[in-house]
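Here the structure comes first, spelled out in structure tokens, and everything after it is commentary.
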2 protein chains.
Amino acid sequence: MDNNTRSERTRAAVIQAALAIIARDGAGHLTLDAIARESGISKGGLMHQFRTKKAVLAALMEHQAAFFENYARDHIAAHGHQHAQPRLAAEIATLHAAVADPRSLALALLGAVAQEPELLGTTRMADREALEVIRAEAADPDLATLRWLAARGLTLSSLFGLSPLTDAERDHLFTLLADEARWTGQPGSDQAGGKQG
Amino acid sequence: MDNNTRSERTRAAVIQAALAIIARDGAGHLTLDAIARESGISKGGLMHQFRTKKAVLAALMEHQAAFFENYARDHIAAHGHQHAQPRLAAEIATLHAAVADPRSLALALLGAVAQEPELLGTTRMADREALEVIRAEAADPDLATLRWLAARGLTLSSLFGLSPLTDAERDHLFTLLADEARWTGQPGSDQAGGKQG
DNA sequence: TAAAAAAAACCGACTGAACGGTTTGTATTT
DNA sequence: AAATACAAACCGTTCAGTCGGTTTTTTTTA
């Protein structure tokens with residue numbers, strides 16, 4: 001096999017192994033030795049592709065960012081026309097998808113939080129930009145922000161092992177957050193503070 | 001000084017040192033040596049009071065749980081009569097207070113998430129109980145849950161270094177979450193989906 | 001076009017530092 | 001005198017990263 005393919009295959013194996021370890025054993029158990037064992041390559045081979053452990057975590061974060069960005073973009077392309085607030089709908093859908101996957105790339109956040117917090121800077125900036133778009137497209141920017149924060153609460157709680165909810169409860173709440181009619185007082189949906197007949 | 005006082009003083013110093021390290025250096029830098037240095041006691045003295053590192057983390061979690069429980073209880077005692085949903089109001093206020101303190105006991109969650117995830121079980125159970133009360137007191141249990149989740153989103157994002165908001169924006173959003181009139185469509189407050197004249 | 005050289009990917013043993021915890025001792029309190 | 005709190009040196013293990021090597025692929029040379 002050619003070297004480019006070989007390298008990419010190794011890098012992909014490392015990323016998958018890292019996520020598996022975080023999901024199963026916790027962020028504290030993510031070590032270079034553990035990644036090498038889990039991915040079936042040697043520690044020297046791992047370190048040839050990633051010069052330092054921080055480089056592994058940075059790669060995890062890059063993959064996570066790309067996944068979130070691509071998922072949101074695809075959601076807007078496919079469903080944007082159906083929504084008054086396409087970007088908020090996309091963010092809610094992305095977080096919902098991220099949390100439903102037990103090997104989610106979102107686990108990269110757990111790894112960075114635990115071991116390299118300065119890698120979170122790029123995530124904060126990306127979230128800032130997303131939030132600006134979410135607020136700009138909304139008739140009620142504060143309500144849109146709070147819906148986004150509730151989705152974040154669901155996601156971060158689940159991701160970090162802090163959620164008191166079942167999977168079914170979580171999915172139900174995500175569905176409520178995504179339901180635009182509920183939040184804009186349109187007919188056909190129970191709305192805050194009142195009942196539809 | 002008597003031995004009980006001595007022990008308690010040492011234990012308090014350890015707790016404060018641990019929170020300072022997590023806040024400043026991140027959860028990954030919380031080690032027994034770092035705690036000993038930061039607290040000004042020896043490693044032997046530290047280990048006399050906490051038999052293992054896990055015991056230190058468990059103590060952090062106990063203090064955090066007590067703080068949250070006491071803060072919520074005090075809030076209900078002082079302000080409960082003013083709220084249709086006193087427990088939700090108390091939870092929002094507790095999370096707001098927790099996140100405003102740079103040395104917050106909530107940082108215990110960060111330590112446990114990073115190093116001893118099984119210590120989070122008690123937190124999940126306590127949150128489950130709180131959520132049951134919050135839902136029981138609400139006319140719209142789902143809306144109450146979502147408000148609670150938004151407060152959680154604000155808190156966990158800030159705590160874990162993931163928040164794209166300024167402190168002023170965060171405080172503003174907590175204030176909105178706490179405003180019962182806003183969420184129940186009462187006069188005097190902008191409400192979801194409509195305007196008050 | 002085949003062989004040789006160079007480059008890249010990978011392996012596994014090794015190193016020094018950091019880590020959690022232990023041991024032996026001293027000082028203070030009971 | 002015994003118990004408790006604490007200090008400091010120490011131990012074995014784990015860790016990130018290094019190093020010298022092998023294998024495979026790519027490029028250069030004859």
Side-chain angles (χ1 to χ4, degrees), chain A residues 1-18 20-22 24-61 108 110-119, chain B residues 1-18 20-22 24-61 108 110-119:
Chain A
M1 143 187 13
D2 73 300
N3 275 356
N4 275 341
T5 303
R6 248 168 123 193
S7 289
E8 287 187 26
R9 177 177 293 199
T10 298
R11 295 173 80 88
V14 167
I15 298 295
Q16 290 311 312
I21 293 162
I22 297 175
R24 185 185 65 234
D25 306 323
H29 288 88
L30 187 70
T31 68
L32 292 172
D33 286 295
I35 295 169
R37 278 194 301 275
E38 184 80 22
S39 64
I41 68 172
S42 67
K43 194 174 179 188
L46 160 60
M47 304 219 53
H48 181 79
Q49 293 299 331
F50 297 95
R51 205 145 304 280
T52 62
K53 186 181 185 189
K54 185 171 179 176
V56 176
L57 287 159
L60 274 179
M61 292 299 289
L110 180 41
V113 157
Q115 303 200 21
E116 292 286 351
E118 67 264 37
L119 294 175
Chain B
M1 153 191 359
D2 75 298
N3 274 355
N4 276 341
T5 304
R6 248 171 124 194
S7 289
E8 287 186 22
R9 177 178 291 199
T10 298
R11 296 173 77 89
V14 167
I15 298 297
Q16 290 310 312
I21 293 163
I22 296 175
R24 185 185 63 235
D25 306 323
H29 288 89
L30 187 70
T31 68
L32 293 171
D33 286 295
I35 295 170
R37 279 194 300 275
E38 184 80 22
S39 63
I41 71 171
S42 67
K43 195 172 175 190
L46 161 59
M47 302 215 59
H48 181 78
Q49 294 299 332
F50 297 94
R51 205 143 303 280
T52 61
K53 186 181 182 188
K54 185 170 181 177
V56 176
L57 286 159
L60 275 178
M61 292 297 291
L110 180 40
V113 157
Q115 302 200 22
E116 292 286 352
E118 66 264 36
L119 293 176

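Computed over heavy atoms, backbone and side chain alike; hydrogens, waters and symmetry mates excluded. Below, chain A is the first sequence line, B the second, and so on; all start at residue 1.
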With a 4.0 Å cutoff (strictly under), does any side-chain N or O of [X] reach OP1 or OP2 of [N]?
X	N	result
Thr10(B)	dC6(D)	yes
Ser42(B)	dA8(D)	no
His48(B)	dA5(D)	yes

To the nearest Å, how far apart are [X] [atom1] and [N] [atom2]?
X	N	atom1	atom2	value
Gln115(B)	dA18(C)	CD	P	17 Å
Gln49(B)	dT4(D)	CD	C1'	9 Å
Asn4(A)	dT24(D)	CG	P	18 Å
Arg6(A)	dA7(C)	CZ	C1'	12 Å
Arg51(B)	dG21(C)	CZ	P	11 Å
Leu32(A)	dT13(D)	CG	P	21 Å
Asp33(A)	dG12(C)	CG	P	13 Å
Met47(B)	dC19(C)	CE	P	14 Å

Checklist entry - Is there a donor-acceptor contact under 3.5 Å linking the side chains of Gln16(B) and Ser39(B)? => result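 Note: Gln16(B) and Ser39(B) side chains miss the donor-acceptor criterion.
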Item to check | Verdict with supporting geometry, Val56(A) and Leu30(A), side-chain contact (heavy atoms from CB on, under 4.5 Å) | outcome: CA-CA 10 Å; Val56(A) 176; Leu30(A) 187 70; 5.7 Å; no
Checklist entry - When all nucleic acid strands are considered with a 4.0 Å heavy-atom cut-off, which category describes Leu46(A): base, sugar-phosphate, or nothing? => result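 No contact.
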Looking only at the side chain of [X] (C-beta and beyond, no hydrogens), which of the listed nucleotides [options] gets closest?
X	options	value
Ile41(A)	dC11(C), dA5(D), dA9(C)	dC11(C)
Thr31(B)	dA9(C), dG20(C), dA16(D)	dG20(C)
Asp2(A)	dC6(D), dC10(C), dT26(D)	dT26(D)

Next on the checklist: Please find the pair of heavy atoms, one from Ala27(B) and one from Leu110(B), that lie closest to each other, and give the distance.
Outcome noted: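 Closest pair (atom of Ala27(B), atom of Leu110(B), distance): CB-O, 3.8 Å.
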Checklist entry - On a plain distance test, is the side chain of Lys43(B) in donor-acceptor contact with the base of dA8(D) below 3.5 Å? => result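 Answer is no: no donor-acceptor pair is held.
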Item to check | 5' priority, DNA chain C, between Asn3(B) and Ala34(B) [closest heavy atom] | outcome: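 By nearest-heavy-atom nucleotide position, the 5'-most residue is Ala34(B).
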Item to check | Donor-acceptor pair, side chain of Gln115(A) and main chain of Lys53(A), under 3.5 angstrom | outcome: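 No; zero donor-acceptor contacts below 3.5 Å.
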Next on the checklist: Quick check on Arg9(B): does its CZ atom have over 12 non-hydrogen neighbours (other residues, nucleotides or ligands) under 6.0 Å away?
Outcome noted: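 Open: at most 12 neighbouring heavy atoms sit under 6.0 Å from CZ of Arg9(B).
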